Protein chains: 2
Amino acid sequence: MTKDKKPDWDGCPTRYAAGIVGDKWCFLILRDVLLHGKRTYSEFLKGPEGISTNILANRLARLEAADMLDRQIDPRKASRVCYFPTRKARDVLPALISIMVWSTKYDPATEAPASFAAGYQADPIAAIDWYEAEIDRIDAEILARFDHGQ
Amino acid sequence: MTKDKKPDWDGCPTRYAAGIVGDKWCFLILRDVLLHGKRTYSEFLKGPEGISTNILANRLARLEAADMLDRQIDPRKASRVCYFPTRKARDVLPALISIMVWSTKYDPATEAPASFAAGYQADPIAAIDWYEAEIDRIDAEILARFDHGQ
DNA sequence: GAATTTTTCTTGCAATATGCAAGTGATAAA
DNA sequence: TTTATCACTTGCATATTGCAAGAAAAATTC
């Protein structure tokens, strides 16, 4: 970016993001899928925020349509559906972690340990990589079960 | 952050952030105040998204209550009200810019020039500082008018 | 192999939130 | 003194949400 002139394009990237993550429930589902290893309808439903079933179904469909979640049926157990985060969803990790660091600074009731923000600030890239690796691990484990049963 | 153990706290920072910025309109008002130099009710109202007046009033009050906006009446012209971004609001800049960079990558219709993401990635701190300086400049200008008339 | 359970949703309905248009009150300008 | 501006409020039709119940398709248990 140039250092002495204000960019004159009209804020559309914010609007695009608002359309996808600018919704409380989508935001929390993304947290669950990116940070808490959740992949199934019933796991999302069990979250502490108590999303209702119709809203959950609606938001999962919306996130799938936005290419944030990849819906796959377990070939070994057709009643089980898994929602995997896409590359596009994974790529919100930096922004997600960044806003979480902000929350730990301003929420007096934060449950996040100080080490969370400190670790991120010390080495942001390593922190993101760590979460990505977790996602890889979880998805690989599920896909392995898909392939050679149980 | 430790590199080999998953943090076990329960995602509250995401929920805190969702409560404040996890709303389309709050998100866009924050964009306007942090990135577009808007400070007054009528400026927010004129935005291209067409927020309705009751919703705008509601969200401004919500953001003020969340300590994101500082509402001040122009002492020289009592019919004019200014909403200034607080330090807390300014501190969402890194996350806001980060999600905007994400949008430029995934929105095929993005209006942001490639230089935006490139500039941020080359030197994130300088980019944030540039926006902070703009905010300082705008607010100083308004406050100066507050003091010596006109 | 019949009955129960699990899992992923769908439907109906009351409550809440939103969008739109019009109105209000307090300045400020003409 | 009249008109205009600015920051909201109010009323009402429509849309979205939350809650509870249901339903279809497996999968498991007996």
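Here is the naming used below: chain letters follow the sequence lines, and residue numbers restart at 1 for every chain. None of these values were measured; they are calculated from a predicted model.
- Mapping B/Ser79 and A/Lys77 onto DNA chain D via the closest heavy atom, the residue that lands nearer the 5' end is B/Ser79.
- A salt bridge links A/Arg90 with A/Asp136; the closest basic N to acidic carboxylate O contact falls under 4.0 Å.
- For the pair A/Asp74 CG and D/dA25 C1', the interatomic distance rounds to 15 Å; values are reported in whole Å.
- Here B/Cys82 contributes atom SG and B/Asp74 contributes atom CG; the two are 6.5 Å apart, rounded to the nearest 0.5 Å.
- Rounded to an integer number of Å, the gap from OH of A/Tyr41 to P of D/dA25 is 17 Å.
- The outermost nucleotides of DNA chain C lying under 4.0 Å from heavy atoms of chain B, listed 5' to 3', are C/dT18 to C/dA28.
- By the 4.0 Å N-to-carboxylate-O rule, A/Arg59 lies too far from A/Glu64 to be salt-bridged with it.
- Here the straight-line distance linking atom CD1 of A/Ile99 with atom OG1 of B/Thr14 works out to 9.5 Å at 0.5 Å rounding.
- Within residues 53-69 of chain B, the residues that place at least one heavy atom under 4.0 Å from DNA chain C are, in residue-number order, B/Thr53, B/Asn54, B/Ile55, B/Arg59.
- For the pair B/Phe44 CZ and D/dC6 P, the interatomic distance rounds to 15 Å; values are reported in whole Å.
- The side-chain hydrogen bond (donor to acceptor under 3.5 Å, both in side chains) test applied to A/Asp139 returns A/Arg39, not counting sequence neighbours.
- For the OP1/OP2 pair of D/dG18 and a distance below 4.0 Å, the side-chain nitrogens and oxygens of A/Trp25 include at least one atom meeting the criterion.
- In A/Ile55, the CD1 atom is crowded: over 12 heavy atoms of neighbouring residues, nucleotides or ligands sit closer than 6.0 Å.
- With distances taken from any side-chain atom of B/Ser42 to the nucleotides D/dG18, D/dA7, D/dC8, the minimum falls on D/dA7.
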